Novice: 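Let me begin by handing over the structure; questions about it come next.
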Amino acid sequence: MPMPSFAPSPSTLNRRSLGSQIAHHLREEIVLGRLAAGTPVSQQWLCERYGTSRMPVRDALVKLTAEGLIVTTRGGHSVVAQLTPDDILDVFEIEAIVHGRAARRAAARVRGEDVAELRELHDSMVQAEHSGDLERLTELNWAFHKRINALSGSAKLIAMLRTLSLNIPQTYLLELPDWAAQTNRDHAGIVAALADADGDAAERLVAGHVRRAGGNLAAYLARKGVAGPDPDALAAERAATRS
């Protein structure tokens, strides 16, 4: 399969964490379907694309292979993995459990000024929705959830969420139609639960909110034909073709 063509990549990559930044760009392109399943991602191609040496490229490939987004063929070549809707749902299901637990912990620790801060973030999101500023809305959305996670006071949960969040790029929200209104409705309920120090409701609402986001993304990618068939079925089909 020939290498895909792309517009020139950003030249402003931070050399301090170049491998992580390359992984971030590739992760986004894979999850959002800009790099199709089976696309080869050789070290040479990546070096030329990002204008860097092999070391950060190898670091990026190791990260994405560990996340299951890159697989190694029998011939030893790195290619983009086949994602399925269930792959997307699994990631969000795990996030839902951990985010929900963090919200429960936050409900037991939240103070009046914390609720005021969350309400301010929510109000800013509503304003961004009304003005159609989806990029601003996306930034505020992540700030909202990050604040709740910090209020949990759990270093373990925060560390888990930091790792999990790498699997789905934040910009995925820009790919979803009509997500803004539903998100703001969900956030209003979450703030109310935290203001009431209702851990049960906070956990349930946050977990449901995350699961809904995962379902919406999986459905969107399936409609676009990005999240394809089960990888085992795909492998069997390829094996049958070779025989």
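On a predicted model such as this, the values are computed, not experimentally measured, just so you know.
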Novice: Under 6.0 Å between ring centres, would you say that holds for His122 and Phe144?
Specialist: no
Novice: I need the minimum non-hydrogen distance between Asp59 and Gly19, along with the two atoms involved.
Specialist: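 For Asp59 versus Gly19, the nearest heavy atoms are CB-CA, 4.3 Å.
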Novice: How close do Ala201 and Ala193 get, heavy atom to heavy atom, and via which atoms?
Specialist: CB-CB, 3.9 Å
Novice: Quick one: do Glu29 and Arg49 make a salt bridge, cutoff under 4.0 Å?
Specialist: yes
Novice: Looking only at atom types and distance, does a side-chain atom of Thr39 sit under 3.5 Å from a main-chain N or O of Leu35, one as donor and one as acceptor?
Specialist: no
Novice: In this structure, are over 12 heavy atoms from other groups packed under 6.0 Å from Arg101 atom CZ?
Specialist: no
Novice: Just jot down the side-chain contact (heavy atoms from CB on, under 4.5 Å) partners of Ala107, sequence neighbours excluded, or say none.
Specialist: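 Expected list: Leu194, Ala202.
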Novice: I want to check something: taking the side chain as every heavy atom from C-beta on, are Asn149 and Leu157 in contact at a cut-off of under 4.5 Å?
Specialist: no
Novice: When you check the side-chain N and O atoms of His209 and His99, is any donor under 3.5 Å from an acceptor?
Specialist: no
Novice: Do Arg211 and Glu95 touch side chain to side chain, with heavy atoms closer than 4.5 Å?
Specialist: no
Novice: Go through the side-chain N and O atoms of Thr84 and Asp87 and say whether any donor and acceptor fall under 3.5 Å apart.
Specialist: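 Per modelled atom types, Thr84 and Asp87 side chains form a pair under 3.5 Å.
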Novice: In this structure, would Leu18 and Met55 fall into the same cluster of hydrophobic residues linked by side-chain contacts under 4.5 Å?
Specialist: no
Novice: What closest approach, in Å, do Ser152 and Arg109 show between heavy atoms, and which atom pair accounts for it?
Specialist: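 Reported closest heavy-atom pair: O-CD, 3.4 Å.
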Novice: Decide yes or no on salt bridge (charged side-chain N to carboxylate O under 4.0 Å, His left out) for Glu203 and Arg104, but give the supporting numbers first.
Specialist: CA-CA 5 Å; Glu203 182 172 22; Arg104 172 181 285 277; 2.5 Å; yes
Novice: Would you indicate whether the side-chain heavy atoms of Lys63 and Ser20 approach each other to under 4.5 Å?
Specialist: yes
Novice: Quick test of your reading: applying side chain to side chain donor-acceptor pair (under 3.5 Å), list the pairs with at least one residue in residues 126-136, sequence neighbours left out, ordered by first then second residue.
Specialist: Glu129-Asn184
Novice: For the side chain to side chain contact (heavy atoms under 4.5 Å, CB included) test, which of Thr65, Val79, Leu64 pairs with Val71?
Specialist: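 The side chain to side chain contact (heavy atoms under 4.5 Å, CB included) with Val71 is passed solely by Val79 among Thr65, Val79, Leu64.
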Novice: Quick check against the 3.5 Å criterion: does Thr72 have a side-chain atom that pairs as donor or acceptor with the backbone of Gly76?
Specialist: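 Checked: no pair found.
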Novice: Quick one, Asp114 and Arg147 - any side-chain contact, counting heavy atoms below 4.5 Å?
Specialist: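 Yes. Closest side-chain heavy atoms under 4.5 Å.
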Novice: Are His145 and His187 packed together at the side-chain level, in the sense that at least one heavy-atom pair is separated by less than 4.5 angstrom?
Specialist: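 Heavy-atom side-chain distance check passes, below 4.5 Å.
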Novice: A side-chain contact here means heavy atoms from C-beta on lying under 4.5 Å apart; do Ile30 and Ile70 qualify?
Specialist: yes
Novice: Can you tell if the side chain of Phe92 reaches within under 4.5 Å of the side chain of Arg212, non-hydrogen atoms only?
Specialist: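 No, too far: nothing below the 4.5 Å cut-off.
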Novice: Going only through I, L, V, M, F, W and Y residues with side-chain contacts under 4.5 Å, is there a path from Val80 to Trp45?
Specialist: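 Cluster IDs for Val80 and Trp45 match.
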Novice: Is there a side-chain contact between Val115 and Arg111, using heavy atoms and a 4.5 Å cut-off?
Specialist: no
Novice: Is the side chain of Asn141 donor-acceptor paired with the backbone N or O of Leu137 at a distance under 3.5 Å, no angle test?
Specialist: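 No.
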